[in-house]
Amino acid sequence: MEPSLAASIGKIDLERPIMLASGILGISLDVFNRLYRSGAGAVVTKSLSKEPWEGYPNPTILGLKSGGWINAVGLSNPGAPYFAKMIEPNTDVPIIVSLVGSVPEDFDFMIKQFANCKVAAYELNLSCPHVAKVGLEVGDDPELVKKIVTVAKKSSDVPVIAKVGLGTTHYLNTVGAAIESGIDAITAINTIRAMAIDVDTQRPILSNKFGGLSGSPIKPVALRCVYEISSKYNIPIIGCGGVSTWEDAVEFFLAGASSVQIGSAIGDNWINVFDDINKGIKKYMTDNGFSKIEEMVGLAKKS
Amino acid sequence: MEPSLAASIGKIDLERPIMLASGILGISLDVFNRLYRSGAGAVVTKSLSKEPWEGYPNPTILGLKSGGWINAVGLSNPGAPYFAKMIEPNTDVPIIVSLVGSVPEDFDFMIKQFANCKVAAYELNLSCPHVAKVGLEVGDDPELVKKIVTVAKKSSDVPVIAKVGLGTTHYLNTVGAAIESGIDAITAINTIRAMAIDVDTQRPILSNKFGGLSGSPIKPVALRCVYEISSKYNIPIIGCGGVSTWEDAVEFFLAGASSVQIGSAIGDNWINVFDDINKGIKKYMTDNGFSKIEEMVGLAKKS
Amino acid sequence: MQRNHNHPKICTVEKVIDETPTVRTLVFSDDVMANVLPGQFAMVWVPGINELPMSVMITDEPGMAAFTVRRHGPASTGLYNVKAGQKIGVRGPYGNSFDLKQGRLLLVGGGTGLVPMMRLLTFVKPEDDVTVLIGAKSKDEVFFEGMAENLLKQNKHQVIVTTDDGSYGNKGYVTDMVDKLVSENHYDGVYTCGPEIMMYKTVQHAHSKGLFVQASLERMMKCGVGICGSCCVGEDLVCRDGTVFDGKHLLSNKEFGHFHRNKAGILENY
Amino acid sequence: MQRNHNHPKICTVEKVIDETPTVRTLVFSDDVMANVLPGQFAMVWVPGINELPMSVMITDEPGMAAFTVRRHGPASTGLYNVKAGQKIGVRGPYGNSFDLKQGRLLLVGGGTGLVPMMRLLTFVKPEDDVTVLIGAKSKDEVFFEGMAENLLKQNKHQVIVTTDDGSYGNKGYVTDMVDKLVSENHYDGVYTCGPEIMMYKTVQHAHSKGLFVQASLERMMKCGVGICGSCCVGEDLVCRDGTVFDGKHLLSNKEFGHFHRNKAGILENY
Ligand SMILES: Cc1cc2nc3c(=O)[nH]c(=O)nc-3n(C[C@H](O)[C@H](O)[C@H](O)COP(=O)(O)OP(=O)(O)OC[C@H]3O[C@@H](n4cnc5c(N)ncnc54)[C@H](O)[C@@H]3O)c2cc1C
Ligand SMILES: Cc1cc2nc3c(=O)[nH]c(=O)nc-3n(C[C@H](O)[C@H](O)[C@H](O)COP(=O)(O)OP(=O)(O)OC[C@H]3O[C@@H](n4cnc5c(N)ncnc54)[C@H](O)[C@@H]3O)c2cc1C
Ligand SMILES: Cc1cc2nc3c(=O)[nH]c(=O)nc-3n(C[C@H](O)[C@H](O)[C@H](O)COP(=O)(O)O)c2cc1C
Ligand SMILES: Cc1cc2nc3c(=O)[nH]c(=O)nc-3n(C[C@H](O)[C@H](O)[C@H](O)COP(=O)(O)O)c2cc1C
Ligand code: FES
Ligand code: FES
């Protein structure tokens, strides 16, 4: 029998275990449809705020000579109300709506905008490393996390995911706080705060100076976070960080992730990366006698 | 006039601004001599403990397909007393002795072993990410850091450096605590906790499962730490993490480091890396009209 | 040091040429940029100011490339103000290129949209019969006419200029001239770059006559590599799927000619 | 997936050959390892057990490589116990190789130190006159004698075995035989690998006669790439500067033949 690529992240059921990560190509329903057809099991939207944000001036992204990317797009987004209207026609694509905000009420407001949309889940961005007052600055405060998760869970019946990253407090505490407040799943990790300086002009390259490191450099760190979370807590995990091959995806499954998200690899290999990874996972499963994704999840912890 | 490569890290004066990082080839005086002749301005020893440690079983190191290394050598070392004897004959090489321990008394004991040695500085390893009860587990406790630094400063007249890394509390707090207690300089950063899983055998590769990520993947993170420390505090900084070219070294100077340490690049390019980087820095200085290293230090913060 | 085409490479501007009162060409040395394909662009960092997408302009020296920039908002004005001797960062090249047919060709450019057209001219075969159509508002905004003539010395060709106010060349909209030309002649390929409304009408006219037509689009760009999504037009990403698209494809795209996205990603009318 | 020679590549052991009651050869397919130079080694991961340095053994099939392991402590016993069909991880190859002279050659191997000697034999020229000296404690520890004969079929050669107890071949220490041979003959190159004391004496004897001699050293190894420092001998790093060193260089090294470092890095007497 052909192995199945279907993945369950708690109550979220997907036909394929790889999703588009937040912030990557995530501002248009047309593009979501295209990515879904290209093999993504779900798409996560750009993180949305209550109001439209322009984000930082360019340069906002750069590639590193040794691989990986640093970005400080600054969460530019059209705002939750506009976005909800745009995705209202959606019927096919499992869309996970990513949200940023500073206070619990922000999240309640935003989730209510999507009342008429088909939303597979909400992902709370508690981990953007380069925008003040949202993202990590929220995630680093476990008490605030508890309040936000509690409110988000109340605002709709749709599953809620918390996305964590390496901040100034221990991310495992953020995870713990989110779980205590009823979170349905965890995405780990966001980009890691980083910078690049140009030696010829002697200045930071990004307009915001600091940005978030993504791509292959952060994979080994993301992988250990997934392993640590799954060792400490019983919660569905979505692995994110540097996945660019089927082998990377499988590493995350073995570490305890039920699915993975893909961001930077699209910049390197364009969108056929979804199909390539799906095929690779399937071949691996056939070669190794797995029939379902969940048979692999957490297997590396047994050794 | 030829630009000068001399570097001052507070009270520590070196002829060249690049040092061997701790744990790299750092167990034999003969090797120190060789590295010094090859262009290192100073060598940092393997982190020493009170007693000899065997470290973890192999595999303890692996190279990543996308660049960089993960190691969990487990701080194997011959112990401070043995080591002090070994380096007693040293007269030429600026040796920085790296120390690990759990309580302030450990550090006092170890520093006293070196009473008859020429030691350029002590570097307190508050940041090893993969050994219990030492390293990060110490660095993550600012109160303990204060006590350790205070004791280390009292144990001798030699300058004391604190080496920090990304742990479970904010490293800037560790830096602050060390400065409050009279530290002379900061080395940033140690490896970042990470892991690698083999998909064919479905198990973590390192015997210790978790290890520390080093090399090019961590450079952008190390660089922002140096920039953040130098923006917040007035303390000499030694940059460490992923330096493998003169360009990397200059980025660290511009971010605020007075010198840099080199580890993994030796695994990639062998020990001529010191000479190559020295030459590159010199050429850069000539091309850009710098006559001293310190003219570059922190320049990127001005823009 | 190895090069990563996604990392800004610092280049020193060696020469600045005033093309019109608002358009300048900045010349610099770079082997990679000197040899890009027509339609390809770079992300150009003006340190301390901004980074913006620019088509890569040809120069008459090997190993040299250029940007021809019109000053507009703060970003482009920042680049416009760069003096000889100053440094800029250049990453890329990005994007695809034109599918250059042989035979009778029509190139339609407006403003800095002429940049990819000039490079395209360096690829035409001596046998090709080439018409270049340059549209401008008025006389003092016309540039690259002489360059086009020069590049086509070996060819059967004509260079036609239209100005909206008739202060130079033919009076009227360049797209009316396109309509006239494609009605009277067969072309094996029609290529256009410039203001979206000009491209939209050019594509419509050419397509309605069954001609092969391609346009090079502009959209807000942050990454240039298909990550950020800011350049999307329908389901296409201009930076990665384009910038050059077939007219047929474009006419089925409901945003082309009508909407672009602002910095927050909200659709706005052209 | 691209290969990084510092990342363990998983290989399946396809065949296991018992060489002696304590030595086994494990055969596997791998193009890179099949083509290493004599003296080069791999770091061999036995999942769940340990990782240890192993010289890469030749096989008689192209594309295949092998390890010949003596069971000793837990790590080597773990490898020794790997069955056909089981997986091991292999990274490398690491280290340098012998400087193979032409003419009259003497190869001196003891135990698994014969592994690089066998590979060296595949590089000798048909004109070379080759003497292989195999040292063992007793008869049942002798292996690779037939293989050496076989590899030298085309050459003028002799394969001499010595056993300490005289249960096979010549009685006595292999190094006494070395002394005898280098006193009676000129050799253009002498090569040795095996227990350090054997290599030490071989180097001394050969060097005292002014012969070119090289030895392949063993030390505790963790990284194999010159990072960890565990394999240092004086100022040399065996994994990166060696494993093969000139005898002349070695005799000036105060640790060679006398000390090695234990797992904590403390010098211990041999
Ligand atoms: C592929 C491509 C090639 C181009 N080639 C040229 C060229 O050769 N010469 C030339 O003069 N112009 C060119 N442009 C247009 C140029 O990049 C923008 O017109 C210009 O950046 C707008 O500048 P501004 O000063 O008004 O931006 P500001 O208002 O200062 O805006 C700042 C940022 O927004 C971006 N931005 C604003 N409007 C646009 C827009 N319409 N399209 C893309 N980005 C925008 C800018 O790039 C910049 O990063 C090109 C655009 C693209 C997409
Ligand atoms: C370059 C090189 C090539 C080698 N080639 C072979 C070979 O082809 N066949 C063979 O049987 N043996 C070979 N060895 C020796 C082999 O690696 C060690 O003898 C063996 O690992 C010791 O195993 P153990 O079971 O006693 O180790 P344990 O006591 O289980 O020790 C565990 C760890 O310590 C290391 N270790 C312990 N002693 C040594 C030592 N003396 N040298 C290096 N590492 C040590 C092991 O590699 C292992 O990682 C080689 C060694 C080196 C350095
Ligand atoms: C350009 C860019 C924009 C991003 N924007 C967001 C965002 O809006 N919200 C968010 O949660 N993560 C954002 N991220 C982080 C990614 O979702 C992802 O966590 C990170 O890039 C690591 O995955 P990768 O290595 O596969 O890219 C962004 C990343 C990039 C590169
Ligand atoms: C094999 C290895 C062993 C290390 N051992 C130590 C150690 O004992 N003490 C310490 O402070 N840092 C240790 N480190 C960390 C390095 O000193 C350095 O901080 C880190 O590797 C980042 O620098 P790099 O990217 O140049 O390697 C070790 C690193 C490696 C790769
Ligand atoms: S500019 Fe970022 S996707 Fe096109
Ligand atoms: S084995 Fe690590 S330096 Fe040689």
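Scope of the values below: all heavy atoms of this structure, side chains included, with no hydrogens, waters or symmetry mates. Throughout, protein chains are lettered first and strands after them, A, B, ... in sequence-line order, and every chain is numbered starting at 1.
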Legend entry - Residue C/D236 versus chain A: region with a heavy atom under 4.5 Å: both
Legend entry - Residues, nucleotides or ligands: over 12 heavy atoms within 6.0 Å of C/Q86 CD: yes
Inset, instruction - Select one option (side chain, backbone, both, neither) describing which atoms of C/I49 are under 4.5 Å from chain A's heavy atoms. - result: backbone
Legend entry - For the student: nearest non-hydrogen atoms of C/W45 and A/T201, plus distance: CH2-OG1, 3.7 Å
Inset, instruction - Give, as side chain, backbone, both or neither, the part of C/C232 having an atom under 4.5 angstrom from any heavy atom of chain A. - result: side chain
Inset, instruction - Specify which of C/G48, C/P74, C/S230 makes the most heavy-atom pairs with chain A at under 4.5 Å. - result: C/G48
Legend entry - Contact check, side chains of C/L52 and A/N58, non-hydrogen atoms, under 4.5 Å: no
Inset, instruction - Kindly indicate whether the side chain of A/R34, heavy atoms from C-beta on, has any atom under 4.5 Å from the side chain of C/D241. - result: yes
Inset, instruction - Sort A/W270 into side chain, backbone, both or neither according to what part of it lies under 4.5 angstrom from a heavy atom of chain C. - result: both
Inset, instruction - Name the region of A/S207, side chain, backbone, both or neither, that has any atom closer than 4.5 Å to a heavy atom of chain C. - result: neither
Legend entry - Atom pair CD/OG of C/E235 and A/S28 - distance to nearest 0.5 Å: 8.5 Å
Legend entry - Charged N-O contact under 4.0 Å between C/K9 and A/D198: no
Legend entry - Winner by heavy-atom pair count (cut-off under 4.5 Å) against chain A, out of C/G234, C/G265, C/P8: C/G234
Legend entry - Side chain C/N6, main chain A/G63, donor-acceptor under 3.5 Å: no
Inset, instruction - Step through the shown structure and confirm whether more than 12 heavy atoms of other residues, nucleotides or ligands are within 6.0 Å of CD on A/E15. - result: no
Legend entry - Main-chain N/O of A/G267 paired with C/R240 side-chain donor or acceptor, under 3.5 Å: yes
Inset, instruction - Answer yes or no: is there an ion pair linking A/D30 with C/K254, defined by an N-O contact shorter than 4.0 Å? - result: yes
Inset, instruction - Select, from A/W53, A/F32, A/F83, the one with the greatest count of heavy-atom pairs under 4.5 Å involving chain C. - result: A/W53
Inset, instruction - Heavy-atom distances under 4.5 Å only: say whether C/K222 touches chain A with side chain, backbone, both or neither. - result: both
Inset, instruction - Give a yes or no answer on whether the side chain of C/N4 reaches the backbone of A/L64 with a donor-acceptor pair at less than 3.5 Å. - result: yes
Legend entry - Considering all heavy atoms, the nearest A/I61-C/C223 contact: CD1-CB, 3.2 Å
Legend entry - Structural part of C/M221 lying under 4.5 Å from a heavy atom of chain A: backbone
Inset, instruction - Under 4.5 Å, counting heavy-atom pairs only, tell me which of A/P204, A/P78, A/A196, A/G55 racks up the most with chain C. - result: A/P78
Inset, instruction - Report the option among A/L62, A/L35, A/I27 that has the most heavy-atom pairs separated by less than 4.5 Å from atoms of chain C. - result: A/I27
Inset, instruction - Count the heavy atoms of every other residue, nucleotide or ligand shown that sit under 6.0 Å from NZ of C/K83, and state whether that count exceeds 12. - result: yes
Legend entry - Options A/I266, A/T60, A/I205, A/V73, ranked by heavy-atom pairs under 4.5 Å with chain C, top entry: A/I205
